[in-house]
Amino acid sequence: MIRFSLPRRRQLRIVSLAAAGLLVASVATAPAGNAAVTPDAEAVATATTAEAATATPTLGVDEISSSPNLRQIANLPKQAPFDSPSAFGTDMAFQGRYAFVGNYNGFVIYDIGRPSAPKVVSQVLCPGSQNDISIYGDLLFLSTDSSRTDDSCASAAQPASVKESWEGIKVFDISDKANPRYVKAVETACGSHTHTLVPAKDRRSVYLYVSSYSPRAEFPDCQPPHDSISIVKVPVKDPTAAAVVATPNLFPDGGYGGIPGQTSATSGCHDITAYPAKDLAAGACMGDGVLMDISNREAPRVINRVRDTVNFAFWHSATFNNAGTKVVFTDELGGGGAATCNEVVGPNRGADAIYDITGRGDARTMVFRSYYKIPRANADTENCVAHNGSLIPVFGRDIMVQAWYQGGISVWDFTDSTKPKEIGFWERGPLSATQLTTGGAWSTYYYNGHIYSSDIQKGLDVLELNDWRTWTANLVRFRELNVQTQAGYLSW
């Protein structure tokens, strides 16, 4: 989710739907380090495969609708002190029988040993949006991207113009799930909007690729230009020694300049997905999508860059297919706070873009194939846009489940990159019939036989998918899952 704060820079930002007007540039690709782009408007014209949304939303407030193959089996509402409208439920990670869910007020650990009856194990009050989360063994990492008085969990909001303000990464020991223990904080430039866990090749350390953005001259710790990420190294057996070890500049030429009111300029990255087994990462960097070689964990290299100035307003996140031959980028048009799943916006904006990865080594390039967007209209009171999802580990096919805020949950197949299609869905009606109220599925991930969804307002949803096209996913089990640290599985 895009956001800025007052007097800080980032709270929820609703981008004007003037972006729904005509965008005059074109989809383009460029080699790494080259600011020039090559128009490819024909690809957009010929590869538009998403269906237009149906005309009239029909669901009432909180009414449930779904395809026959996808059903809700549990919902556990947010609990105090995480139950206020401003305490957004955010990203998720998994380990064994536990789900870890971020919240603007901290994080929650759930026991999901019985998926139909999840239970709260513990809640840690530690305010500091967004509190995106990842897990490695007995360590939990939390992103703080709102300027605070200090690095404690008792801190208060404070303007980023104050040099002493803090934001960055917090580290917790979760060996006792009922009593997590805060052990370390690492400040990072411009905070930590999201982070991506990348294990060191010797497994003695983990790296956190920290994404942040929106520099301003009056922010001492977030100076423009900010075309880099921060890399935090955490020794697994000594997490108190965690520290920033590199700040690689991904855009030495300055990145994309943006079109005011239409497309975002690049000033850092919003999110990165790593595929450590393949030494690859894909960065969704506001105005650019990048493919990176991460064989040297402390020195990732951009090897290809793509740009879509026709239909993408804000490059938000990325997902590889299992083979590492495709990448799906999402466009968070409207910053997650606008109603963009409607006929006015259309099927190609606020959508996913599917790219094939061609070539080898440093000659690899990403080639645009098509867009995917949910084929249902939402009401003007529903924030809806492409957001966080994961692969469903189906043998021989590329299928993922994805959150669309109040657009609900979509299961879709992109085995044919040029013809993606939905094969299942589940959604709630709007939170309000009269006013736009921010809510819906923030992250929706498949984990060990079930689909788990972190709803901004409604808490934890658990769903069951019964479909012949996905049954082989039941044969795959992960001991730990951080979706932005993509795990491979055997296939054919």
- Look at Arg307 together with Asp288 and state whether they make a salt bridge at an N to O cut-off of under 4.0 Å. yes
**Asked** Does a side-chain heavy-atom distance below 4.5 Å link Asp413 with Arg469?
**Response** no
Q) With under 30° as parallel and over 60° as perpendicular, where do the rings of Phe94 and Tyr452 fit, or are they tilted in between? A) tilted
- Is the closest basic N to carboxylate O distance between Asp111 and Lys177 below 4.0 Å? no
d(Phe251 CZ, Cys269 SG) to nearest 0.5 Å is 4.5 Å
On a heavy-atom basis, the closest approach of Ala87 and Asp83 is CB-N, 4.5 Å
Exercise for the section: May I ask you to decide if Ile135's main-chain N or O and Asn482's side chain share a donor-acceptor pair within less than 3.5 Å? Expected result: yes
request  = Using modelled atom types only, decide if a donor and an acceptor are shared between the side chain of Asn383 and the backbone of Gly439 within a distance under 3.5 Å.
outcome  = yes
Using the ring of each side chain (for Trp, its six-membered ring), is Phe320 parallel, tilted or perpendicular to Tyr275, with breaks at 30° and 60°?
-> tilted
Note: Thr381 and Gln406 closest approach over all heavy atoms is O-NE2, 3.9 Å
With a 4.5 Å cut-off on side-chain heavy atoms, are Leu465 and Asn69 touching? yes
What one should report as the nearest heavy-atom pair of Asp151 and Lys170 is O-CE, 3.6 Å
Surrounding CG of Asp380 (heavy atoms of other residues, nucleotides or ligands, distance under 6.0 Å), is the total greater than 12? no
#### Entry: Criterion side-chain hydrogen bond (donor to acceptor under 3.5 Å, both in side chains) on Thr196 and Gln484, from CA distance to verdict
CA-CA 6 Å; Thr196 302; Gln484 288 75 30; over 6 Å; no
Quiz item: Where do Asp308 and Tyr355 land on the side-chain hydrogen bond (donor to acceptor under 3.5 Å, both in side chains) test, with the steps shown first?
Solution: CA-CA 12 Å; Asp308 181 343; Tyr355 288 80; 4.8 Å; no
Exercise. Does a side-chain heavy-atom distance below 4.5 Å link Asp271 with Asp132?
Worked result: no
- Item | Test item: side-chain donor near acceptor, Gln486 and Thr273, under 3.5 Å | no
(request) Check whether any side-chain heavy atom of Asn388 lies under 4.5 Å from a side-chain heavy atom of Val483, and answer yes or no. (result) no
Can you tell if the side chain of Glu422 reaches within under 4.5 Å of the side chain of Ile374, non-hydrogen atoms only? yes
Val401 and Ser390: CA distance, side-chain angles, deciding distance, side chain to side chain contact (heavy atoms under 4.5 Å, CB included) verdict: CA-CA 6 Å; Val401 60; Ser390 76; 4.0 Å; yes
The ring pair (Phe, Tyr, Trp, His ring centres under 6.0 Å) partner of Phe107 among Tyr98, Phe100, Phe172, Phe82 is Phe172
CG of Asp331 to OG of Ser317, rounded to nearest 0.5 Å, is 10.0 Å
What one should report as the nearest heavy-atom pair of Ser214 and Ser267 is N-OG, 3.4 Å
Under 30°, 30 to 60°, or over 60°: which ring-plane class applies to His316 and His387, parallel, tilted or perpendicular?
tilted
Are the side chain of Thr149 and the backbone N or O of Ala156 linked by a donor-acceptor pair below 3.5 Å? yes
*asked:* Please determine whether side chain to side chain contact (heavy atoms under 4.5 Å, CB included) holds for the pair Tyr446 and Val411, giving the CA-CA distance in whole Å, both sets of side-chain angles, and the decisive distance to 0.1 Å.
replied: CA-CA 10 Å; Tyr446 181 94; Val411 179; over 6 Å; no
Note: Asp398-Lys326 ion pair, threshold 4.0 Å (strictly below):
yes
Quiz item: Judged by atom type as modelled, is there a donor-acceptor pair below 3.5 Å linking the side chain of Ser230 to the main-chain atoms of Val210?
Solution: no
**Report entry** side chain to side chain contact (heavy atoms under 4.5 Å, CB included) between Ser370 and Lys419, intermediate numbers included
**Finding:** CA-CA 7 Å; Ser370 64; Lys419 296 180 180 179; over 6 Å; no
- Message: Walk me through whether Phe414 and Asp352 qualify under side chain to side chain contact (heavy atoms under 4.5 Å, CB included).
- Response: CA-CA 11 Å; Phe414 61 103; Asp352 298 314; over 6 Å; no
Tightest non-hydrogen contact, residues Ser192 and Ile169, listed as OG-CD1, 3.5 Å
The reported gap from OG1 in Thr263 to CE in Met286 (rounded to nearest 0.5 angstrom) is 10.5 Å
Is any side-chain heavy atom of Phe314 closer than 4.5 Å to one of Val385? no
Whether Ser453 side chain and Asp455 backbone form a donor-acceptor pair below 3.5 Å:
no
**Prompt:** Does Ser67 reach the main-chain N or O of Phe425 with its side chain, forming a donor-acceptor pair under 3.5 Å?
**Reply:** yes
Derivation and outcome, side-chain hydrogen bond (donor to acceptor under 3.5 Å, both in side chains), residues Gln123 and Asn103
CA-CA 10 Å; Gln123 298 189 131; Asn103 184 287; over 6 Å; no
(request) Look only at the side chain of Lys78 and the backbone of Ser84, and say whether a donor-acceptor pair between them is shorter than 3.5 Å. (result) yes
- Item | Pairwise side-chain contact, Phe368 with Phe329, heavy-atom cut-off 4.5 Å (strictly under) | no
For Gln72 and Leu463, indicate whether the former's side chain and the latter's backbone hold a donor-acceptor pair under 3.5 Å. no
Q) Between Ser264 and Tyr213, do the side chains contain an N or O donor and an N or O acceptor separated by less than 3.5 Å? A) no
Once you measure the plane-to-plane angle for Tyr372 and Trp404, does it fall in the parallel (<30°), tilted (30-60°) or perpendicular (>60°) bin? perpendicular
For Val290 and Cys285, the nearest pair of non-hydrogen atoms, with its separation, is CG2-SG, 4.1 Å
- Task: Establish, from distance only, whether the side-chain atoms of Ser155 and Arg148 form a donor-acceptor pair under 3.5 Å.
- Result: yes
Checklist entry - Counting N and O atoms only, with roles assigned by atom type, does the side chain of Ser143 sit under 3.5 Å from a partner on the main chain of Asn131, one being a donor and the other an acceptor? => result no
Practice problem: Check whether any side-chain heavy atom of Arg71 sits under 4.5 Å from a side-chain heavy atom of Trp426, and report yes or no. | Solution: no
Side chains of Asp91 and Gln130: any donor to acceptor distance under 3.5 Å? no
